[in-house]
Amino acid sequence: MPKLGKLGLRVLKIVHLILAGLWVGGAIGLNIMVFLFSSAESGGELYGYNIASKLVDDLLIIPGAMGCLVTGLLFSLFSNWGFFKHRWLAVKWVLTVFCILFGTFYLGPTVNDQPAISYAEGLGALADPTWIANRLTSLKGGAIQVFLILFMVAISVIKPWGLRKKVTS
Ligand code: HEM
């Protein structure tokens, strides 16, 4: 497999970090917004929070997460980092794939379904069992998700645990 040169690796790292920033910032912002929902004072305000949350998910979190995956794949394929040579990188692979699946299939619906409920019911959504369950799932799952993403940032910087096997290249 051909490897990227110094400039290519720098550009890839800059893009990777911007996308990681989108994911981290979007996830923290979304959690804060979901937490604030219960203090909405009108149906319009509640709907505004719900639709803004969905936009943060669609325009920041999803592109950030998929972008990290794609730029991570480029690192693994076209640099000497490889896929599983380093333990910290192997852990990042597992966590990134887990977080994307968790976000898509478990957390995503709790954000996507809210605007329609608050649009139809206004402030009454605050007492709607589906809306309440979605919010709680979003808060609990979102906290786990943010913790795992921040953990990935930390191990990316520290690069702990050494090599999984002796590297010959
Ligand atoms: C499959 C997924 C991923 C792979 C394979 C991957 C791979 C890499 C590699 C090889 C580096 C080192 C680049 C270098 O120093 O030359 C790196 C750096 C970094 N990655 Fe990832 N990454 C992935 C996902 C993520 C995610 C999800 C985040 C956080 C949201 C993230 C945050 C970072 C940060 C902050 C650095 C810079 C560390 C530093 O230089 O101090 N990465 N990544």
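Nothing fancy with the numbering, it's 1 onward along the sequence. All ligand and atom numbering here is 1-based and tracks the order in the structure. These values consider heavy atoms only, across backbone and side chains, with no hydrogens, waters or symmetry-generated copies.
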Subset of ligand 1 atoms that lie under 4.0 Å from at least one heavy atom of Leu17: 34 (C), 35 (C), 36 (C), 37 (C)
Identity and separation of the nearest protein heavy atom to atom 15 (O) of ligand 1: Lys13 NZ, 2.9 Å
Nearest neighbour of atom 5 (C) of ligand 1 from the list Trp81, Trp93, Trp88, on a heavy-atom basis: Trp93
Flag side-chain contact, heavy atom, 4.5 Å: Tyr49 against Val34: no
Atoms of ligand 1, numbered as shown, that sit under 4.0 Å from any heavy atom of Ile149: 30 (C)
Atom nearest to atom 21 (Fe) of ligand 1 - His16, N, O or S atoms considered: NE2
Any N, O or S atom of Lys92 closer than 2.8 Å to atom 21 (Fe) of ligand 1: yes
Ring geometry between His16 and Phe75 (parallel below 30°, tilted from 30 to 60°, perpendicular above 60°): perpendicular
4.5 Å side-chain heavy-atom contact, Thr110 and Gln114: no
Shortest non-hydrogen contact from Ile149 toward Val24: CG2-CG2, 3.6 Å
Identity and distance of the protein heavy atom lying nearest atom 3 (C) of ligand 1: Gly72 CA, 3.8 Å
Identity and distance of the protein heavy atom lying nearest atom 7 (C) of ligand 1: Leu89 CD1, 3.5 Å
Closest to atom 41 (O) of ligand 1 (judged by heavy-atom distance), picking from Val157, Val97, Leu95: Val157
Under 3.5 Å side-chain donor-acceptor pair for Lys3 and Asn80: no
Neighbour count above 12 (heavy atom, 6.0 Å) for Lys140 NZ: no
Which residue and heavy atom of the protein sit nearest atom 38 (C) of ligand 1, plus the separation: Ser156 O, 3.4 Å
Enumerated ligand 1 atoms positioned under 4.0 Å from heavy atoms of Met152: 27 (C)
Considering all heavy atoms, the nearest Thr137-Leu107 contact: O-CD2, 3.9 Å
Sub-3.5 Å N/O-N/O distance, Thr96 and ligand 1: no
Atom pair OG/CD1 of Ser118 and Ile51 - distance to nearest 0.5 Å: 8.0 Å
Near-ring test Trp88/Trp81, centroid separation under 6.0 angstrom: yes
Check: Trp131/Asn50 side-chain N/O donor and acceptor closer than 3.5 Å: yes
Over 12 non-hydrogen atoms of neighbours within 6.0 angstrom of OH in Tyr106: no
Nearest-neighbour protein heavy atom for atom 26 (C) of ligand 1, which is reported as residue plus atom name and distance: Cys68 SG, 3.9 Å
Heavy atom of the protein closest to atom 28 (C) of ligand 1 (residue, atom name, distance): Ala20 CB, 4.0 Å
Trp23: numbered ligand 1 atoms lying under 4.0 Å from its heavy atoms: 27 (C)
Lys159 contact mode with ligand 1 (heavy-atom cut-off under 4.0 Å): side chain
Contact (N/O only, under 3.5 Å) between Ser76 and ligand 1: no
